[in-house]
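Everything on this sheet refers to the single structure shown next.
Both ligands and their constituent atoms are indexed starting at 1 by order of listing. Just so it is clear, the values below take in all heavy atoms, side chains as well, and ignore hydrogens, waters and symmetry mates.
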Amino acid sequence: MATLKETLAAKIEPMRKEVQAVLKNHGDNVVSEVTVTQAYGGMRGVKCMVTETSALDPMEGIRFRGYNIPQLREKLPKAPGGEEPLPEGIFYLLLTGDLPTEKNVKEVTEEWKKRSTLPDHLVKTMDAVPKDTHPMTQFSLGILALQRDSVFVQKYREGMSKLEYWDPTYEDVMNLLAKLPGIASYIYRRSYKDGKRIPADPKLDWGGNFAHMMGVENEEYKELMRLYLVLHSDHEGGNVSAHTTHLVGSALSDPYYALSAGINGLAGPLHGLANQEVLRWIMEVKEELGGGVPTKKQLVDFLWDTLKSGKVIPGYGHAVLRQTDPRYTAQREFALKHCPEDETFKIVSMIFEVAPGILQEHGKAKNPWPNVDAHSGCLQVYYGVVEYDFYTVLFGVSRAMGVLCSLIWDRALGLPIERPKSITTGWVKEHVKAK
Ligand code: HAX
């Protein structure tokens, strides 16, 4: 069996040729034009970058290398006795474009185990940070602390051909991904528990071990963790965490710098932090109404109060999607199977019934439907992970797989430093007048 690295290496040259041919034959084709509104408006919808790992359709949602979520849940290898896909499988798929076999997945699991030891200097760096520092800050710092061991930096200093850049990038990515559950679970332990690190269980897979090292010994939670890590792994290239990782990496900053930057973007409330905000919002509802499941009328009032106070309804809306996020649906299915009577799940379901109508009536959001973050927190609460400030770290561990696969391909394809042109309002006015 070819190793993952050999499989990847074999794909690089044909892909380089394919891209060169596309550029040679179609390089002058226009794929997007940019309006003034788009230039001011976050470049919404402007097609100006290439990401191979996944593609997002506004109505259907995400496809990872062509596969939608139900297909992945069916086709990706599972843990023994498990029903949810293993995250190692989505990593293999995102990186190579091939559906992995059980053996391929096992290889990734074993490879990550070998590389998972956290160096002392990383642990010391994390210990130097106050425990009440936001978990995302700790996560970003932890990733940066590993940068001193970058293979890319070492090889770059020694001198290497551009054609070889992907190789040390791959090594950094594998070293980094192997350590993320250890870093993340330590953040959880030191921020909320006894501060002691729980050693990895050599019998467990990457996701199962993450749950184990957090201290949540529940087989169902391990299954949830695997599903969660698959669902959040990638969402094409234009979202803040993916685009930031790609942008920073384009300066040949190594994967540690690039991912740490991407994680900082994920920490924004309009992006990944929305998952903690959803739970915070639900807790506020419960507190204000004296606990329990609110009535529909109470929830409607609370949603309107949120909007009227100038806040967004967290977990609803999307820059690209125009339908219910299939990642939301997958989590809802998990909840219906494992915890249909759970109180927080009932509230999340009730919000799903009323929020889209309210957002439509409010008339601003282009997409009134729930995104991935509207559901993830309630499942965590069900299994006892109630510290919602931690939720975006879970997202970050997963998202690292997609953005780092793309980074390897960026280097394999020799993509250049990213440098769009900015304009001034004066330029816009002159340009419009001249037209
Ligand atoms: N509640 C209230 N207002 C909303 C809204 C929501 N959930 N979603 C959008 N709007 C408002 C916007 O704030 C904007 O208002 P202004 O015109 O006053 O600026 C207007 O509707 C148009 O926005 P849009 O074009 O529909 O949405 P954007 O592409 O600008 O933004 C966001 C997309 C996801 C940031 C937005 O929908 C939002 O803020 N949602 C709530 C936060 C959230 O759930 N974020 C997570 C998104 C998924 C993700 O990245 N996960 O990591």
Measure the distance from [atom] to every protein heavy atom, then report the residue, atom name and distance (to 0.1 Å) of the closest one.
{"atom": "atom 10 (N) of ligand 1", "value": "A365 CB, 3.7 Å"}
{"atom": "atom 42 (C) of ligand 1", "value": "P269 O, 4.0 Å"}
{"atom": "atom 52 (O) of ligand 1", "value": "H271 ND1, 3.0 Å"}
{"atom": "atom 27 (O) of ligand 1", "value": "H318 O, 4.5 Å"}
{"atom": "atom 16 (P) of ligand 1", "value": "K364 NZ, 4.0 Å"}
{"atom": "atom 6 (C) of ligand 1", "value": "I313 N, 3.6 Å"}
{"atom": "atom 38 (C) of ligand 1", "value": "Y316 O, 4.0 Å"}
{"atom": "atom 3 (N) of ligand 1", "value": "V312 CG1, 4.0 Å"}

Under 4.0 Å from a heavy atom of [X]: give me the atoms of ligand 1 that qualify, with their elements.
{"X": "R44", "answer": "28 (P), 29 (O), 30 (O)"}
{"X": "A319", "answer": "29 (O), 33 (C)"}
{"X": "G272", "answer": "52 (O)"}
{"X": "G315", "answer": "43 (C), 44 (O)"}

Measure from the side-chain N and O atoms of [X] to the backbone N and O of [Y], and report whether any donor-acceptor pair falls under 3.5 Å.
{"X": "D98", "Y": "P100", "value": "no"}
{"X": "R65", "Y": "L94", "value": "yes"}
{"X": "S191", "Y": "Y188", "value": "no"}

Do [X] and [Y] have side chains that get closer than 4.5 Å, going by heavy atoms?
{"X": "H318", "Y": "L56", "value": "yes"}
{"X": "M214", "Y": "Y221", "value": "yes"}
{"X": "L4", "Y": "M174", "value": "yes"}
{"X": "D201", "Y": "M213", "value": "no"}

At a non-hydrogen distance cut-off of under 4.0 Å, which region of [X] contacts ligand 1 (side chain, backbone, both, or neither)?
{"X": "N371", "answer": "side chain"}
{"X": "A274", "answer": "side chain"}
{"X": "H362", "answer": "neither"}
{"X": "N275", "answer": "neither"}
{"X": "L266", "answer": "neither"}
{"X": "D373", "answer": "side chain"}

Ring centres under 6.0 Å, that's the criterion: do [X] and [Y] meet it?
{"X": "Y382", "Y": "F345", "answer": "no"}
{"X": "F91", "Y": "W206", "answer": "no"}
{"X": "Y328", "Y": "F352", "answer": "yes"}

Between [X] and [Y], is any side-chain donor less than 3.5 angstrom from a side-chain acceptor?
{"X": "D205", "Y": "T109", "answer": "no"}
{"X": "N175", "Y": "R115", "answer": "yes"}
{"X": "Y40", "Y": "T425", "answer": "yes"}

Give the C-alpha distance, both sets of side-chain angles, the deciding distance and a yes or no for salt bridge (charged side-chain N to carboxylate O under 4.0 Å, His left out) between E102 and K78.
CA-CA 8 Å; E102 303 262 348; K78 323 269 185 301; over 6 Å; no

L270 to ligand 1: N or O pair under 3.5 Å?
yes

When only distance counts, is K311 in polar contact with ligand 1, meaning an N/O pair under 3.5 Å?
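No, no N or O pair falls under 3.5 Å.
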
Give a yes/no verdict on whether any heavy atom in D325 is under 4.0 Å from an atom of ligand 1.
no

Any heavy atom of N239 closer to ligand 1 than 4.0 angstrom?
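Per 4.0 Å heavy-atom rule, N239 does not contact ligand 1.
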
With a 4.0 Å cut-off, strictly under, does atom 14 (C) of ligand 1 pick up any protein heavy atom?
no

If we count only non-hydrogen protein atoms and require a distance under 4.0 Å, does atom 30 (O) of ligand 1 qualify as touching the protein?
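Given the 4.0 Å limit, the answer for atom 30 (O) of ligand 1 is yes, a protein heavy atom qualifies.
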
If you compare K366, H235, H232, R399 by their heavy atoms, the one closest to atom 23 (O) of ligand 1 turns out to be K366

